[in-house]
Amino acid sequence: MNHFTYHNGELCCEDVRIKDIAAQVGTPFYLYSTATLKRHFTAFESGFEGMAHQTCFAVKACSNIAILNLFATLGGGADIVSGGELFRALQAEVEPQKIIYSGVGKTGKELREALQAGILMFNVESPQELDRLQAVAAEMNTIARIAFRINPDVDPKTHAYISTGLAKNKFGVPVAEALQEYLRAKVMPNIKIVGVSCHIGSQLTQIEPFIEALRKVKAFIAQLEQEDIQIKYVDMGGGIGIPYDDEQPPHPTDYAAAVRAELTGMKVTLILEPGRVLVGNAGILVTEVQYTKVNSGGEQEKRFIIVDAAMNDLARPSLYGAHHEILPVHAPAAKERQRADVVGPICESGDFLAKDRIMPEVQPGELLAVMSSGAYGFSMSSTYNSRPRAAEVIVSGGSFQVIRQRECYADLVRGEAVSALA
Ligand SMILES: *Cc1c(COP(=O)(O)O)cnc(C)c1O
């Protein structure tokens with residue numbers, strides 16, 4: 001359910017016509033609906049009502065501070081994976097005691113910054129990281145609260161690039177080695193063990209892999225208890241999928257019910273790190289058609305719709321072959337439809353937003369909406385081909401606000417210098 005719907009043939013975001021935003025902001029731009037963001041957050045939360053839990057939005061999915069702040073005002077925390085994301089979360093007024101720090105490569109500087117901020121917990125991903133964290137915390141004369149991210153070796157049945165909980169993935173500590181690490185951590189003077197975490201992948205469309213992972217976590221917690229190590233937080237990570245095409249991901253409340261059933265009787269606080277499921281369908285990418293052309297001469301004619309957004313703006317189609325619905329902002333009167341590739345201006349054949357898609361016939365100057373682009377959209381964008389990054393806009397009711405200005409050419413060369421060396 002989202003708030004991008006047609007009224008009198010014009011695609012709107014809540015009560016605002018998208019063409020009116022385009023006229024003021026230009027294209028391409030990302031557009032988010034406040035009502036959809038709120039709805040997704042509260043729907044997700046409702047499943048865990050009455051349970052001790054904390055939802056920490058995965059910042060990497062959509063990092064704009066307006067979005068982070070919106071979730072913070074609804075009680076959300078943040079799951080961060082870099083010093084930059086910590087900075088964003090703090091700028092957005094996320095409470096430090098609701099911040100979780102995940103990721104395999106935390107630098108000494110990043111650990112220091114997070115300790116300084118007083119975050120809730122570090123999800124430690126290797127023995128060496130534990131040693132470094134102990135050293136940094138000792139230097140700062142403070143205590144670091146930790147969980148180990150354990151790798152449960154569960155197949156999430158998703159795209160290989162976004163699977164993270166298999167033994168062959170770089171993430172976490174194998175269950176078999178984790179006990180030894182907890183025992184090491186237990187006697188470290190500046191480390192306090194508080195949790196166990198796991199995150200098995202993204203865009204999962206089934207509940208079973210989550211439950212399989214949770215059972216392994218539970219069995220592991222029982223082992224820890226025998227060693228007199230008490231666990232306060234069970235961090236289930238994120239990963240619930242959304243419908244991009246014809247996927248049928250579990251409803252968040254079904255996911256919550258399954259997790260709740262598994263945790264009955266355990267005195268722990270559940271931590272959740274949803275990303276995509278909160279923002280994916282709350283954002284779109286709006287782009288303008290520049291040209292259309294037909295390349296004949298091959299085995300068959302090939303039609304192209306060339307737009308002003310590209311793989312630098314939305315990488316998912318190129319990167320994962322991901323499907324994004326593409327809708328005309330002005331609903332076509334004549335239903336003439338043709339198969340076409342929707343492509344950007346970047347000098348790469350991998351630069352496409354859709355391949356072999358049945359599209360209404362469109363003319364240069366028309367606007368298209370690339371749906372379900374709220375997650376891993378702007379946050380994965382780059383300036384490849386020296387294309388300034390797109391603007392980000394949010395709508396609430398009948399109003400809209402630019403929450404990130406379109407970059408300009410000067411932004412592209414910020415920090416660069418013509419070399420003075422001969
Ligand atoms: C990416 C990530 C998430 C969020 O994943 P989604 O699939 O967007 O829900 C949560 N936790 C960790 C550790 C991650 O790396």
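- More than 12 heavy atoms of other residues, nucleotides or ligands shown are found within 6.0 angstrom of CG on D245.
- Geometrically, K38 does not engage F41 in a cation-pi contact, judged by NZ or CZ lying under 6.0 Å from the ring centre and within 45° of the ring axis.
- In this structure the side chain of I240 reaches within 4.5 angstrom of the side chain of F210, judged on heavy atoms.
- Salt bridge status for K186 with E227: absent, with no side-chain N to carboxylate O gap under 4.0 Å.
- When each of F352, Y244, Y376 is tested with H324 by the rule ring-ring contact (aromatic ring centres under 6.0 Å, His included), just one qualifies, namely Y244.
- The pair K98-D79 does not count as a salt bridge, with every side-chain nitrogen at least 4.0 angstrom from each carboxylate oxygen.
- The pair R184-E181 meets the salt-bridge criterion, since a charged nitrogen lies less than 4.0 angstrom from a carboxylate oxygen.
- Atoms CG and CD1, on L183 and I193 in that order, are 7.5 Å from each other to the nearest 0.5 Å.
- Nearest approach of P328 to L11, heavy atoms of both residues: O-CB, 4.4 Å.
- The pair R303-D341 fails the salt-bridge criterion, with no side-chain N (NZ, NE, NH1 or NH2) lying under 4.0 Å from an Asp/Glu carboxylate O.
- The distance from the OG atom of S33 to the CZ atom of R39 is 10.5 Å, given to the nearest 0.5 Å.
- The pair R215-E212 fails the salt-bridge criterion, with no side-chain N (NZ, NE, NH1 or NH2) lying under 4.0 Å from an Asp/Glu carboxylate O.
- Within the 4.5 Å cutoff, side-chain heavy atoms of L204 are placed close to those of P209.
- Using cut-offs of 30° and 60° for the angle between ring planes, the Y30 and Y32 rings count as parallel.
- Side-chain N or O atoms of E85 include one that pairs as donor or acceptor with a backbone N or O of V81 at under 3.5 Å.
- I99 and A89 get closest at one heavy-atom pair: CD1-CB, 4.0 Å.
- A 4.5 Å side-chain heavy-atom check between M188 and D131 finds at least one atom pair inside the cut-off.
- Counting only distance, with no hydrogens or angles, the side chain of Q134 and the backbone of L130 share no donor-acceptor pair below 3.5 Å.
- With sequence neighbours excluded, the residues forming a side-chain contact (heavy atoms from CB on, under 4.5 Å) with S46 are E49, T253, listed by chain and number.
- Among all heavy-atom pairs drawn from F171 and E125, the shortest one is CA-OE1, 3.6 Å.
- Remark: F87 CZ is loosely packed, at most 12 non-hydrogen atoms of other residues, nucleotides or ligands lying under 6.0 Å away.
- Using modelled atom types, one finds a donor on one side chain and an acceptor on the other under 3.5 Å when comparing R276 with S202.
- Under 4.0 Å is where a charged nitrogen must lie from a carboxylate oxygen, and between R387 and D313 at least one such pair does.
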Do L37 and I394 pass the side chain to side chain contact (heavy atoms under 4.5 Å, CB included) test, and can you show the C-alpha distance, the side-chain angles, and the key distance before you say yes or no?
CA-CA 10 Å; L37 290 165; I394 200 164; 4.0 Å; yes
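- Closest non-hydrogen pair, H40 versus V277, comes out as ND1-O, 3.6 Å.
- Residues E348 and Y384 bring a donor and an acceptor atom of their side chains to less than 3.5 Å of each other.
- Here L285 contributes atom CG and M371 contributes atom CE; the two are 11.0 Å apart, rounded to the nearest 0.5 Å.
- For E110 (side chain) and G83 (main-chain N/O), a donor-acceptor pair under 3.5 Å exists by modelled atom type.
- Proximity of a side-chain donor or acceptor of R339 to a complementary backbone N or O of D356 within less than 3.5 Å is detected.
- Checked by atom type and distance alone, the side chain of T292 never pairs as donor or acceptor with a backbone atom of I305 at under 3.5 Å.
- N151 places no side-chain N or O within donor-acceptor distance of the main-chain N or O of G172, the cut-off being under 3.5 Å.
- Environment of NZ in K192: sparse, with no more than 12 heavy atoms of neighbouring residues, nucleotides or ligands closer than 6.0 Å.
- Classification of E10 and R17 as a salt-bridged pair fails, no side-chain N sitting under 4.0 Å from a carboxylate O.
- Salt bridge annotation for E392-R389: absent, with no cationic side-chain nitrogen under 4.0 angstrom from a carboxylate oxygen.
- Annotation: Q223, atom CD; neighbour count of heavy atoms from other residues, nucleotides and ligands within 6.0 Å is above 12.
- Using modelled atom types, one finds a donor on one side chain and an acceptor on the other under 3.5 Å when comparing E45 with T55.
- Using modelled atom types and a 3.5 Å distance limit, the side chains of N312 and S382 yield no donor-acceptor pair.
- Judged purely by atom type and a 3.5 angstrom limit, R149 uses its side chain to pair as donor or acceptor with the backbone of H199.
- Inspection of the Q405 and E407 side chains reveals no N or O donor paired with an N or O acceptor under 3.5 Å.
- The backbone N or O of F148 sits nowhere less than 3.5 Å from a side-chain atom of N123 that would complete a donor-acceptor pair.
- For the residue pair H3 / T36, a side-chain donor-acceptor distance below 3.5 Å is found, with atom types taken as modelled.
- Under the side chain to side chain donor-acceptor pair (under 3.5 Å) rule, H323 has a single partner from R316, E247, R357, which is R357.
- In this structure, V329 and A369 approach most closely via the heavy-atom pair CG2-N, 4.1 Å.
- Between the side chain of E93 and the backbone N or O of Q91 there is no donor-acceptor pair closer than 3.5 Å.
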I21 vs V395, test: side chain to side chain contact (heavy atoms under 4.5 Å, CB included). Steps then yes/no.
CA-CA 10 Å; I21 302 175; V395 162; 3.8 Å; yes
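- Side-chain contact between V289 and L368 is present, with heavy atoms from C-beta onward closer than 4.5 Å.
- Taking the ring centre of Y101 as origin, the terminal cationic atom of K106 falls inside the region bounded by 6.0 Å and 45° from the ring axis.
- In this structure, T142 contributes its side chain and M140 its backbone to no donor-acceptor pair below 3.5 Å.
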